[in-house]
Undergrad: 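So that we are looking at the same thing, I have put the structure below in structure tokens.
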Amino acid sequence: MKTALAAAISWFLATTLLQDEYPFFAPLAAVLTVQVTVVDSLEKASHRLVGIIMGVMLSMLIGHWFNINTYSIFFVILVGMTLANALRMNPQIVSQVGVSSLLVLAFGHSHGYATGRITETVVGSVVAIAINALIVPRNAIPDVEQAILRLSEKSAATLTWLARILKEEVKSSHYGKRAVDDLVVQTEKCIQTLRLAEQSLKYNPFLVHKRTSLGRLAIGIRHLEHITVQLRGIRRGLADIKSVGPIREEFPQVEGVAAAMEATAACIPIFGKIVAAPSVELAEHLGSSIKSAMALQTSCLADLREVRSLMVLRDMGSILTDLSRILKEVER
């Protein structure tokens, strides 16, 4: 809808106000400029305009010496795109230089074609950017909130799965590596969603009040990203412990550590809900859950005094350290 409206307004301005002979470049620029966010539209418009100006100037310069034929088309496009590549310009600019060079060379320099192409592109781009910013500007914050909820649930499920592996309720040849790898992918998707939301607010005066909320969500995602790092450490510690041999022989209190892992996992989704939609009830629930998990972790630390194997002591201590760090992330 916004693209069609931008194209129609651009045509109207080009035909009524500018009275240009080539008004179709204005709606064409509008169609190509309307993007998901205002930032994307600005970037697209700037790339297109720079490419057109370079192509027009080059074609007007060389066109005085050549008529349009097979050789001149090859030479003009080759020189234009080579120059743009040598200047390390964006690929969109490079292709636009070639297109503009060809069109100006083909249609000639009479009737104001070259200047009209630039003018119409400016009109279409400006209209597209204005339409994109003023009419139903994209608000990606709900997408970020949903991404946070999914990531927190995924983190909790991964930690619970690792606890089941520790208790030997399930068999896993790689000790939860696939689950942790999936969590890393989910974390990257969440970060990408945040970046898209940041772009949607940039240069958009109607969504300025959303920036505070987005800043809070960004902090929450950073904490969840740290939790992902801790879970990777727990999986590595779990793999090291399993490589030693039957864990129950060296550490009979393994059920207590698994319980601490599950209690810690229960805190993560509550934290995600608080980040997405803060409330007093959720804060109180998280506080009590953290206390319960912390008590279990402390009990496990006391049990470590009975461990005789230094390797088991090292790896189990590493797991408990990562669990403690997860609690610190969710209580901030």
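Bear in mind the structure is a predicted one, so any value in this text is a computation, not a measurement. Residue numbers start at 1 and run along the sequence shown.
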Undergrad: Which heavy atom of V330 sits nearest to which heavy atom of L286, and what is that distance?
TA: O-CD2, 3.3 Å

Undergrad: Would you say M89 has more than 12 foreign heavy atoms packed within less than 6.0 Å of its CE?
TA: yes

Undergrad: Looking at A295, is its backbone amide N or carbonyl O close enough to the side chain of S299 to form a donor-acceptor pair, meaning the two atoms are under 3.5 Å apart?
TA: no

Undergrad: Which is it for Q92 and R48 under the side-chain contact (heavy atoms from CB on, under 4.5 Å) test, yes or no, and what are the steps along the way?
TA: CA-CA 7 Å; Q92 296 183 25; R48 181 171 174 78; over 6 Å; no

Undergrad: For H223 versus F271, what's the shortest heavy-atom pair and its separation?
TA: CB-CZ, 3.7 Å

Undergrad: Any donor and acceptor pair, going by atom type alone, linking the side chain of S152 with main-chain N or O of L149 inside 3.5 Å?
TA: yes

Undergrad: For E262, is there an ion pair with K167 - N to carboxylate O distance below 4.0 angstrom?
TA: yes

Undergrad: Hey, does D143 have a side-chain heavy atom less than 4.5 Å from the side chain of Q146?
TA: no

Undergrad: Could you go through D181 and R178, starting from their C-alpha distance and side-chain angles, then the distance that decides it, and tell me whether this counts as salt bridge (charged side-chain N to carboxylate O under 4.0 Å, His left out)?
TA: CA-CA 5 Å; D181 288 344; R178 179 175 296 179; over 6 Å; no

Undergrad: If you group Ile, Leu, Val, Met, Phe, Trp and Tyr by side-chain heavy-atom gaps below 4.5 Å, do L83 and I93 land in one group?
TA: yes

Undergrad: What heavy-atom pair brings L327 and Q297 nearest, and what distance separates the two atoms?
TA: CD1-NE2, 3.1 Å

Undergrad: If I take atom CG from residue L323 and atom CG from residue L231, how far apart are they, to the nearest 0.5 angstrom?
TA: 8.5 Å

Undergrad: According to a hydrophobic-cluster definition based on side-chain heavy atoms being under 4.5 Å apart (Ile, Leu, Val, Met, Phe, Trp, Tyr only), do V257 and L296 belong together?
TA: no

Undergrad: Are the side chains of I131 and V34 in contact, using a 4.5 Å heavy-atom criterion?
TA: no

Undergrad: In terms of hydrophobic clustering (I, L, V, M, F, W, Y; side-chain heavy atoms under 4.5 Å; direct or indirect links), are L282 and L224 co-clustered?
TA: yes

Undergrad: For the side chain of T82 and the backbone of V79, is there at least one donor-acceptor N/O pair under 3.5 Å apart?
TA: no

Undergrad: What distance do S155 atom OG and E329 atom CD have between them, rounded to the nearest 0.5 Å?
TA: 11.5 Å

Undergrad: In terms of hydrophobic clusters joined by side-chain contacts under 4.5 Å, are L301 and I326 together?
TA: yes

Undergrad: Rounded to the nearest 0.5 Å, what's the gap from CD1 on I148 to CD1 on I274? Could you check?
TA: 12.0 Å

Undergrad: Are the side chains of L183 and R232 in touch, meaning some heavy atoms are under 4.5 Å apart?
TA: no

Undergrad: Just verifying a value: how many Å separate L217 CG and S213 OG, rounded to the nearest 0.5 Å?
TA: 6.5 Å

Undergrad: Please report the interatomic distance CD(Q192) to NZ(K189), rounded to the nearest 0.5 Å.
TA: 11.0 Å

Undergrad: Decide whether S288 and E284 meet the rule of one side-chain donor and one side-chain acceptor closer than 3.5 Å.
TA: no

Undergrad: Answer whether the closest heavy-atom distance between the side chains of R216 and P278 falls below 4.5 Å.
TA: yes

Undergrad: Closest heavy-atom contact between G98 and I77?
TA: O-CG1, 4.0 Å

Undergrad: Any idea which heavy atoms bring S100 and V56 closest together, and the distance?
TA: CB-N, 4.2 Å

Undergrad: Set out, in order, the CA-CA distance, both residues' side-chain angles and the distance that settles side-chain contact (heavy atoms from CB on, under 4.5 Å) for I221 and V144, then state yes or no.
TA: CA-CA 9 Å; I221 290 177; V144 179; 3.8 Å; yes

Undergrad: Do you know the tightest heavy-atom contact between C267 and I290?
TA: SG-N, 3.7 Å

Undergrad: Does some side-chain heavy atom of H47 sit less than 4.5 Å from a side-chain heavy atom of Q96?
TA: no

Undergrad: With the side chain counted from C-beta on, respond yes when S125 and L49 share a heavy-atom pair under 4.5 Å apart, and no when they do not.
TA: no

Undergrad: Give the C-alpha distance, both sets of side-chain angles, the deciding distance and a yes or no for side-chain contact (heavy atoms from CB on, under 4.5 Å) between I191 and L194.
TA: CA-CA 5 Å; I191 294 174; L194 173 65; 5.5 Å; no

Undergrad: Just verifying a value: how many Å separate L159 CG and R235 CZ, rounded to the nearest 0.5 Å?
TA: 13.5 Å

Undergrad: Taking the side chain as every heavy atom from C-beta outward, state whether V76 and L102 have any pair of such atoms under 4.5 Å apart.
TA: no

Undergrad: Should M81 and M54 be counted in the same cluster of Ile, Leu, Val, Met, Phe, Trp and Tyr side chains packed under 4.5 Å apart?
TA: no

Undergrad: Could you go through the side-chain contact (heavy atoms from CB on, under 4.5 Å) check for S289 and I270 one step at a time?
TA: CA-CA 9 Å; S289 299; I270 305 173; 3.5 Å; yes

